[in-house]
Number of protein chains: 2
Amino acid sequence: MAGRTDTKTRILDAAEKLFAERGFSETSLRLITSKAEVNLASVNYHFGSKKELIRAVLARYLDVFMPTAASEIKRLHLAPEHASLNEIFSALIKPLLELNKVRNGGTIIFLQLLGRGYIESQGHLRWFITTHYGQHLSTFVQAVSASAPHIPPAEMFWRLHFTLGTIVFTMASADALNEIAASDYGEHNNTEAIIRKVIPYMAAGVAVPVISNE
Amino acid sequence: MAGRTDTKTRILDAAEKLFAERGFSETSLRLITSKAEVNLASVNYHFGSKKELIRAVLARYLDVFMPTAASEIKRLHLAPEHASLNEIFSALIKPLLELNKVRNGGTIIFLQLLGRGYIESQGHLRWFITTHYGQHLSTFVQAVSASAPHIPPAEMFWRLHFTLGTIVFTMASADALNEIAASDYGEHNNTEAIIRKVIPYMAAGVAVPVISNE
DNA sequence: TCTCAATTTAAACACCCGTTTAAATTAATC
DNA sequence: GATTAATTTAAACGGGTGTTTAAATTGAGA
């Protein structure tokens, strides 16, 4: 090893911030490396390509979040299947907020990256996540399904993606929404407050009975 | 007037399709004009810039959707304030599906454009919509508020944006989700079927009682 | 039919992009 | 301290971007 030892980290730190606030394709490697104060070519040296840098940025969060989230779900009252949907979703708050300790604003950065990734990379990221973290994901899906046994699996599939959309879109626009809420209603919410607002909404939507329709 | 009369239309038609499926910044003017079989420079001649083209693409849908949606809400049983949330959201189905008559796949194109716009253009589109269609929007917000009077205005503000996120993220990934649903559950949903799935979810979320919390 | 304005066209402009190269520099190993 | 491998650096490469220009073409109106 040689040189300043943390070039990789400097790149990741600068990249995640820029990716989260302007999206992947709107963020050039030149912008990243200038913010990180490293040479342009070092991205390709350390990560191979921009696409792999994007994956590395996401993996750094997913590697922390996924295992702790799954274990939080598992030890819900030592019996996840008897937990309410609100409890299950709420069990994700702590793992999410702990990302703030990893890095300042880590929680919202992670959720914004997730949203950007799902929308910008047409299915590419979806594949990456399900193949790398499928085990942890199904822990979550099983707990939710057990808690809402009246929802058929196919319907649950859709509703969990509705839920993903809700949280991810909200966080992507969180700053703008917070500004409006502050000027229109005098409200000032941090990331945790927004998460606590959205959980009852999602839990109610996931559990609402399926009607056969007229 | 001179030349082929429908150059503007050819550009708009090609642009909306490409914008919806790959996003604004990922779609070059050269790709648009080659699909539209018009000259590259005609975009700047007719629209001024790419940014104004994006706005024109969106306005063409909003100009149709917003007035009919607002009038559908207004004539809900001749008394919108006594309609259920499900009825109010469902009143948007017809205006949405009529976009399919304007152009093939118009409904999903519109919703995808909306989502792309909200996420890619950091607040820029939000401003455009609220200033140009604010009247129609508040018709909708008032009907929803009257139907869920137990939700304070500030909370309703957040929940309606949760709702926007739900529908818009879902439609942006609709094709991918439909593929998975087809292979995993043998389901085949068209745009209308997905909209009908998402409405109960959103209605339940918007109306769920606010808890003061521990 | 001639005139003139609207439109279309091909070409160029100036700039930004991700990636590669080869030399310079740095740190570790013997 | 010499050797070697890892890293950093400046520069260039090839290509794509939105936009502008000026000439060519088109279609009405007089």
Side-chain angles (χ1 to χ4, degrees), chain A residues 1-60 113 116-117 119-122 124-125 128, chain B residues 1-60 113 116-117 119-122 124-125 128:
Chain A
M1 205 176 298
R4 200 173 42 215
T5 100
D6 50 348
T7 300
K8 280 184 79 165
T9 308
R10 298 177 67 85
I11 294 172
L12 288 168
D13 288 346
E16 68 170 30
K17 193 166 179 301
L18 294 166
F19 283 156
E21 61 193 30
R22 15 166 92 224
F24 301 114
S25 65
E26 301 281 3
T27 304
S28 69
L29 295 185
R30 282 170 174 81
L31 182 58
I32 292 171
T33 52
S34 79
K35 293 267 183 196
E37 298 181 275
V38 301
N39 186 275
L40 168 62
S42 59
V43 172
N44 289 279
Y45 177 77
H46 284 288
F47 297 95
S49 68
K50 185 180 182 182
K51 188 170 274 182
E52 290 174 79
L53 170 62
I54 294 174
R55 256 190 250 171
V57 163
L58 272 157
R60 202 161 59 142
L113 289 173
R116 301 268 186 204
I119 290 183
E120 275 194 41
S121 70
Q122 278 294 47
H124 182 246
L125 172 73
F128 174 73
Chain B
M1 204 179 298
R4 199 172 44 214
T5 100
D6 50 346
T7 300
K8 281 183 78 165
T9 307
R10 298 176 67 86
I11 294 172
L12 287 169
D13 288 347
E16 68 170 29
K17 193 167 181 302
L18 294 166
F19 283 155
E21 61 193 30
R22 16 164 94 223
F24 300 114
S25 66
E26 301 281 3
T27 304
S28 69
L29 295 184
R30 282 170 175 80
L31 181 58
I32 293 171
T33 51
S34 78
K35 292 268 183 196
E37 298 181 278
V38 302
N39 187 274
L40 168 62
S42 58
V43 171
N44 289 279
Y45 176 78
H46 284 289
F47 297 95
S49 69
K50 185 180 181 181
K51 189 170 275 180
E52 289 174 80
L53 170 62
I54 293 174
R55 256 190 250 170
V57 164
L58 272 156
R60 201 161 60 143
L113 289 173
R116 301 267 186 205
I119 290 184
E120 276 195 41
S121 71
Q122 278 295 50
H124 181 246
L125 172 73
F128 174 73

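The analysis underlying the following values was restricted to heavy atoms, covering all of them including side chains, and did not include hydrogens, waters or symmetry mates. Chain A is the first sequence line, chain B the second, and so forth, proteins listed ahead of strands; every chain is numbered from 1.
Within the 4.0 Å cut-off from OP1 or OP2 of D:dA6, not a single side-chain nitrogen or oxygen of A:H46 is found. Considering only side-chain N and O atoms, A:T7 lies nowhere under 4.0 angstrom from the phosphate OP1 or OP2 of D:dT7.
One interatomic measurement links the two molecules: CG of B:N39 to P of C:dT9, which rounds to 5 Å at whole-angstrom precision. The OH atom of B:Y45 sits 7 Å away from the P atom of C:dT8 (whole-angstrom rounding). One interatomic measurement links the two molecules: CZ of A:R10 to P of D:dT7, which rounds to 16 Å at whole-angstrom precision. Protein atom CD of B:E37 is 18 Å distant from nucleotide atom C1' of C:dT7, rounded to whole Å. Put simply, CG on B:L53 is 15 Å from P on D:dT17, counting in whole angstrom units. The CZ atom of B:F47 sits 11 Å away from the P atom of C:dT8 (whole-angstrom rounding).
A:L29 has its side chain within reach of A:N44: a pair of non-hydrogen atoms, C-beta onward, lies under 4.5 Å apart.
Nearest heavy-atom pair across A:L113 and A:A20 is CD2-N, 3.8 Å. Here the shortest heavy-atom pairing between B:K8 and B:F47 reads O-CZ, 3.9 Å.
B:E120 contributes no side-chain N or O that, together with a main-chain N or O of B:G23, makes up a donor-acceptor pair within less than 3.5 Å.
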| said: What does the B/S/- profile of nucleotides 13-19 of chain C look like, 5' to 3', with a 4.0 Å heavy-atom cutoff to protein? | reply: ----BBB
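Screening B:V38, B:T33, B:I32 for a side chain to side chain contact (heavy atoms under 4.5 Å, CB included) involving B:R10 leaves a single residue, B:V38. Looking at B:T7, B:D6, B:I11 one by one, the single match for side chain to side chain contact (heavy atoms under 4.5 Å, CB included) with B:T9 turns out to be B:D6.
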